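Below is one structure, written out as structure tokens; the observations come after it.
Remember, it's a predicted structure, so these values are computed and weren't measured experimentally. In what follows, chains are A, B, ... by sequence order, proteins preceding strands, each numbered from 1.
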2 protein chains.
Amino acid sequence: MSAILPTSAEENYLKAIFKIAEKEPGPVLTNALAAEMGTSAASATDMLKRLSDKQLVAYEKYRGVTLSEAGSRLATSLIRKHRLWEVFLVDKLGFAWDEVHEFAEQLEHIQGENLTERLDDFLGHPRFDPHGDPIPDAKGRWQHRTQTRLLTLSPGQRGIVTGVDDHSPTFLQYLAEMGLSLGAELEVLERTAYDQSAKVRIGEREAVLSEKVGQNLFVRII
Amino acid sequence: MSAILPTSAEENYLKAIFKIAEKEPGPVLTNALAAEMGTSAASATDMLKRLSDKQLVAYEKYRGVTLSEAGSRLATSLIRKHRLWEVFLVDKLGFAWDEVHEFAEQLEHIQGENLTERLDDFLGHPRFDPHGDPIPDAKGRWQHRTQTRLLTLSPGQRGIVTGVDDHSPTFLQYLAEMGLSLGAELEVLERTAYDQSAKVRIGEREAVLSEKVGQNLFVRII
DNA sequence: AAATATTTTTAGCCTTGACTAAAAATAAAA
DNA sequence: TTTTATTTTTAGTCAAGGCTAAAAATATTT
Ligand SMILES: [Mn+2]
Ligand SMILES: [Mn+2]
Ligand SMILES: [Mn+2]
Ligand SMILES: [Mn+2]
């Protein structure tokens with residue numbers, strides 16, 4: 001029983017199912033999957049049949065889909081590869097954190113013996129990617145970390161930037177311009193009750209961050 | 001006129017045409033291309049029509065095919081990427097020279113702005129890949145080098161290993177076991193007229209190399 | 001409970017890149 | 001110069017992964 005290799009398209013769907021189920025536990029619905037993949041619902045249904053045939057998901061018509069053990073392992077491995085390649089692109093090739101996603105989206109599908117483990121060695125076994133997302137280890141175990149949205153901090157509280165909940169290049173570029181890279185220290189000085197915007201100190205600078213920013217930026221309180 | 005990106009399959013065919021034409025100048029025949037690609041002649045004909053539609057080749061039914069200017073640029077760029085990734089895999093990830101081809105066959109197709117140039121910078125602008133093959137520069141210019149087959153050396157002549165004409169893992173592994181890596185020094189001690197085998201000194205060791213090895217190993221005479 | 005709205009699946013079509021078998025063109029031999 | 005052999009192309013088929021439009025199932029209102 002030589003488990004045939006999944007195609008890149010299959011891998012991408014598995015990853016999408018994993019990500020949706022992570023935020024919203026329970027079966028993943030066809031429309032949510034299609035939206036995440038940027039395809040039609042009909043295409044998603046097609047793919048779900050293929051993944052079901054390959055035992056990578058448990059799919060019940062009209063009821064949604066969940067990953068099988070094998071599907072979950074594959075999705076986790078894909079996320080591991082994606083994030084390791086992102087570390088490579090930023091740490092070794094010098095790309096900015098908003099430039100690496102599309103590359104990693106391709107690189108995660110490179111197949112072959114030992115590549116991931118050698119890359120991991122070369123990078124020094126990073127535990128988080130350039131966006132602060134955890135990198136599962138070779139056995140699929142996840143790092144756990146307590147982080148909170150900047151929005152929850154009250155005036156006087158300080159934090160270290162640990163991640164983002166919006167990975168769009170525009171948001172990442174905006175953060176970089178504000179000096180809000182991973183590891184940056186900030187302190188909430190004031191919060192406006194009306195719109196939840198916050199005046200913050202970032203290193204030496206002061207700035208006002210909107211509710212939207214507060215919602216999408218993770219910090220560890222110090 | 002936004003030149004649509006070629007698919008991976010198209011790129012592989014272009015590279016195959018380039019490689020055949022390199023050894024055997026003139027139009028490349030369908031059967032030769034199919035053999036190089038490991039596909040049927042019918043599939044090659046199909047692809048030649050697609051490549052011709054995209055102006056990447058000049059194809060005349062029954063007469064063979066040659067690369068257009070655009071096709072030649074693409075093939076050269078693909079070879080550049082392939083060889084740079086091979087350098088990465090050997091120099092940075094620590095793979096052996098017989099392990100990297102299949103990875104590079106996939107990595108060469110990764111698309112996106114600046115990746116190749118950043119990789120080239122990171123690797124220190126290597127001019128040859130782990131098999132001694134030249135890496136064209138960003139403008140598609142080729143390095144030139146005088147090398148000769150080991151077979152042509154007479155007893156008493158010494159050489160430095162500069163490349164191979166057979167890239168099969170078995171040959172590459174055999175050479176590594178014999179101490180014949182790139183840069184290794186050797187001296188021909190005797191040659192047997194009957195079968196063209198040669199007794200050689202490799203560093204401290206002595207060994208007998210067959211005609212087949214002599215034919216597939218390139219050296220620079222010193 | 002019926003009617004309506006939403007979600008999901010099915011049906012039918014398309015492109016890419018394979019394949020085999022048959023036909024046509026070209027090359028080699030008699 | 002015919003005949004035969006080889007090479008190449010065409011014709012027809014398939015699977016993957018998309019699409020749109022129509023049908024069916026499920027959920028929500030009235
Ligand atoms: Mn991907
Ligand atoms: Mn990331
Ligand atoms: Mn390739
Ligand atoms: Mn090589």
Side-chain angles (χ1 to χ4, degrees), chain A residues 2-17 20-21 24 26-66 71 74-75 78 102 105-106 108-109 111, chain B residues 2-17 20-21 24 26-66 71 74-75 78 102 105-106 108-109 111:
Chain A
S2 59
I4 195 63
L5 287 177
T7 65
S8 294
E10 288 169 344
E11 290 187 326
N12 286 333
Y13 273 93
L14 290 173
K15 195 175 62 170
I17 295 166
I20 295 164
E24 192 83 37
V28 169
L29 303 181
T30 302
N31 266 357
L33 181 55
E36 174 73 25
M37 290 300 298
T39 59
S40 69
S43 300
T45 300
D46 261 24
M47 180 57 86
L48 289 180
K49 285 182 199 154
R50 280 194 289 270
L51 293 174
S52 188
D53 288 347
K54 295 194 179 185
Q55 321 249 51
L56 296 170
V57 300
Y59 166 56
E60 277 191 277
K61 268 188 180 188
Y62 297 100
R63 290 282 111 110
V65 70
T66 54
L74 263 164
L78 199 69
E102 287 308 316
E105 204 54 56
Q106 301 171 61
E108 66 189 3
H109 303 291
Q111 303 286 351
Chain B
S2 59
I4 193 62
L5 287 178
T7 65
S8 294
E10 288 169 345
E11 290 187 326
N12 286 333
Y13 273 93
L14 290 173
K15 194 175 63 168
I17 296 166
I20 295 164
E24 192 82 38
V28 169
L29 303 181
T30 302
N31 266 356
L33 181 55
E36 173 74 25
M37 288 301 298
T39 60
S40 70
S43 300
T45 300
D46 261 23
M47 181 56 87
L48 289 180
K49 286 183 199 155
R50 281 194 288 271
L51 293 174
S52 186
D53 288 348
K54 294 193 178 185
Q55 320 250 51
L56 295 170
V57 300
Y59 166 55
E60 277 190 276
K61 269 189 180 187
Y62 297 102
R63 289 281 109 105
V65 69
T66 53
L74 263 164
L78 198 69
E102 287 309 315
E105 203 55 55
Q106 301 171 61
E108 67 190 2
H109 303 290
Q111 303 284 351

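B:L48 is listed as a side-chain neighbour of B:L33, based on a closest heavy-atom distance under 4.5 Å. Proximity of A:L56 to A:L74: side-chain heavy atoms (C-beta onward) are separated by under 4.5 Å at one or more points.
Of all nucleotides in DNA chain D, those with any atom nearer than 4.0 Å to a heavy atom of chain B start and finish, going 5' to 3', at D:dT7 to D:dT10.
For the segment residues 39-55 of chain A, residues with any heavy atom less than 4.0 angstrom from an atom of DNA chain C are, sorted by number, A:A41, A:A42, A:T45, A:K49.
Listed by chain and residue number, nothing satisfies the side chain to side chain donor-acceptor pair (under 3.5 Å) test with A:T45 (two or more places apart in sequence, or in another chain). The side chain to side chain donor-acceptor pair (under 3.5 Å) check on A:T39 picks up A:Y13, with sequence neighbours excluded. For A:E105, the side chain to side chain donor-acceptor pair (under 3.5 Å) partners two or more places apart in sequence, or in a different chain, are A:K15, A:H101.
With respect to A:V65, the side-chain contact (heavy atoms from CB on, under 4.5 Å) criterion is satisfied by exactly one of A:L51, A:T30, A:V28: A:V28.
Separating the CG atom in A:L14 from the CE atom in A:M47 is a distance of 8.5 Å, to the nearest 0.5 Å.
Pairs passing the salt bridge (charged side-chain N to carboxylate O under 4.0 Å, His left out) check and including a residue from residues 41-57 of chain A, sequence neighbours excluded, read A:E10-A:K54.
Between A:Y13 and B:K61, the residue whose closest nucleotide on DNA chain D is further toward the 5' end is B:K61.
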